[in-house]
Protein chains: 2
Amino acid sequence: MDAKTLCLGVLALGDASGYEIKKQFEDGPFGQFHQVGFGSIYPALTALAAEGQVTFVEEAQEGRPDKKVYSITPAGLAALKRALRKPPAADRVRSEYLFILFFAEMLEPERRREVYESYLDTYRSRLAEMEEAADCHGEVQPGHRFVFHLGKAFYTTMVDFMENNRHLLFPEDTGRTDDRAAPLRRVAGGE
Amino acid sequence: MDAKTLCLGVLALGDASGYEIKKQFEDGPFGQFHQVGFGSIYPALTALAAEGQVTFVEEAQEGRPDKKVYSITPAGLAALKRALRKPPAADRVRSEYLFILFFAEMLEPERRREVYESYLDTYRSRLAEMEEAADCHGEVQPGHRFVFHLGKAFYTTMVDFMENNRHLLFPEDTGRTDDRAAPLRRVAGGE
DNA sequence: TCGATATATATCAAATCAATATATATCCCC
DNA sequence: GGGGATATATATTGATTTGATATATATCGA
């Protein structure tokens, strides 16, 4: 999905500024399955406006810079639907934490621990944010709910796995020297 | 991690050609946490060679094009170690499948099903490949084992979640209309 | 012969990323 | 007072990556 389609996706849910679109990819539901930067968003919005797929209204604000609020047009919605009918590319994951931990034997024990615990914290935070967001759920589309629960299952698995498998990288700390991963036990999702 | 570091990482495990480095990011362990294309690999190797961080030997082959086999130098290994000490960027996930499923209500039921089942198949395949690879394990570094088991836990969660939560997107097919996600039950990892 | 596959190296235009710039505000610390 | 941090805003640019393409050596099948 290119930046134009990603912007159309956010705007299909409601009008937004370029900055708010970026926020949707940081804290909103879209951040679970895509990232996109300002360097892509603004040129994409400019192109979409030129193509008649979005319109915008400039708004002045008190104590804040002016903003442009974009709206999707029927042509934009049609373009989004066309994009949803294309064959999707395979999922891609990029994790510098895992790259570093892959080379654990090259790291000082302190650095190994630092990276591991910091990594675990990132997923604990994400899970906590999700659990907060769950309390605000009103009327939600099935697709949104599916992605939410899947994301939560993923984060839960990450936290659970790392909490229970320190022995794989820190046998000296855990007193365990076996190299078998612990079974997953946590319950995930809505229940 | 830039392309140069990624190449150094592969070469730290043993000599390889540019093509073999790419293969490590497709079928090998690195593909679980990074992707990189030829457009980045070859320029990176050229730069690394110019910087003295790798050396290469040109080899002629029977029935195949000639190849360049690259080796990491001590300077390259030092550069890799420096990279491993930098603060890692946050994990990033890109999933066109999830983008499409997020907009499930915009899809025809047939398309929704097609995407869902195709998505489930991608993770089933990955899990199957992993289970095959597990049979070939010899002496493995702890970091490699950790990443392997974490990856397996992730793929297992994805398969399990999707097998048990069709009702979230297909209430008409499953006879279930509740919107709660099923608990995770599968056992992951080395057991 | 073409298309597909596999093994190889290499390149290029398009897209994205990361950083930067500018603007309007607030807060805190030195 | 200035700097740094934060937040809300738009915009741009150089560096890097991506996806496609090209070339080469082979095999296989329609």
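Computed from a predicted model, the values in this text were never measured in an experiment. Here is the naming used below: chain letters follow the sequence lines, and residue numbers restart at 1 for every chain. Worth knowing before you read on, the calculation uses all heavy atoms, side chains too, and leaves out hydrogens, waters and symmetry mates.
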With salt bridge (charged side-chain N to carboxylate O under 4.0 Å, His left out) as the criterion, how do B/E117 and B/R113 come out once you've worked through the C-alpha distance, each side chain's angles and the decisive distance to 0.1 Å? CA-CA 6 Å; B/E117 299 303 330; B/R113 199 170 290 116; over 6 Å; no
Among C/dA19, C/dT11, D/dT17, find the nucleotide with the atom closest to the side chain of A/F38.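 Of all the options, the side chain of A/F38 is nearest to C/dA19.
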Of the listed nucleotides (C/dT16, D/dA24, D/dT17), which one gets closest to any side-chain atom of B/P65?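 Closest of the options to the side chain of B/P65: D/dA24.
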So what does [X] touch, heavy atoms closer than 4.0 Å: a base, only the sugar-phosphate, or nothing?
| X | answer |
| --- | --- |
| B/E62 | nothing |
| A/K22 | nothing |
| B/G37 | sugar-phosphate |
| B/K4 | nothing |
| B/G39 | base |

Expressed as a whole number of angstroms, how long is the span from [X]:[atom1] to [N]:[atom2]?
| X | N | atom1 | atom2 | answer |
| --- | --- | --- | --- | --- |
| B/E58 | C/dT9 | CD | P | 9 Å |
| A/E26 | C/dA18 | CD | P | 12 Å |
| B/I41 | C/dC12 | CD1 | P | 18 Å |
| A/L6 | C/dC17 | CG | C1' | 14 Å |
| B/E20 | C/dA10 | CD | P | 14 Å |
| A/Y19 | D/dA9 | OH | P | 7 Å |
| A/R64 | D/dA9 | CZ | P | 5 Å |
| A/E96 | C/dA18 | CD | P | 9 Å |

Taking it one step at a time, do B/D160 and B/Y123 satisfy side-chain contact (heavy atoms from CB on, under 4.5 Å)? CA-CA 10 Å; B/D160 187 55; B/Y123 280 98; over 6 Å; no
Please tell me if A/K23 has a side-chain N or O lying less than 4.0 Å from either OP1 or OP2 of D/dA7.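 A/K23 to D/dA7 OP1/OP2: no side-chain N or O under 4.0 Å.
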Quick check on D/dT18: is either OP1 or OP2 less than 4.0 Å from any side-chain nitrogen or oxygen of B/S40?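 For D/dT18, OP1 or OP2 has a side-chain N or O of B/S40 closer than 4.0 Å.
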Establish, for the pair B/R145 and B/F148, whether the NZ or CZ atom is under 6.0 angstrom from the six-membered ring centre and no further than 45 degrees off its axis.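 No; the conditions do not both hold, so B/R145 does not lie above the ring face of B/F148.
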Once you round to the nearest 0.5 Å, how far does OH of A/Y155 lie from CG of A/L150?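 It comes to 10.0 Å.
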Working note: B/T5 + B/D2, criterion side chain to side chain donor-acceptor pair (under 3.5 Å); need CA distance, chi angles, decisive distance, verdict. CA-CA 5 Å; B/T5 305; B/D2 61 10; 2.8 Å; yes
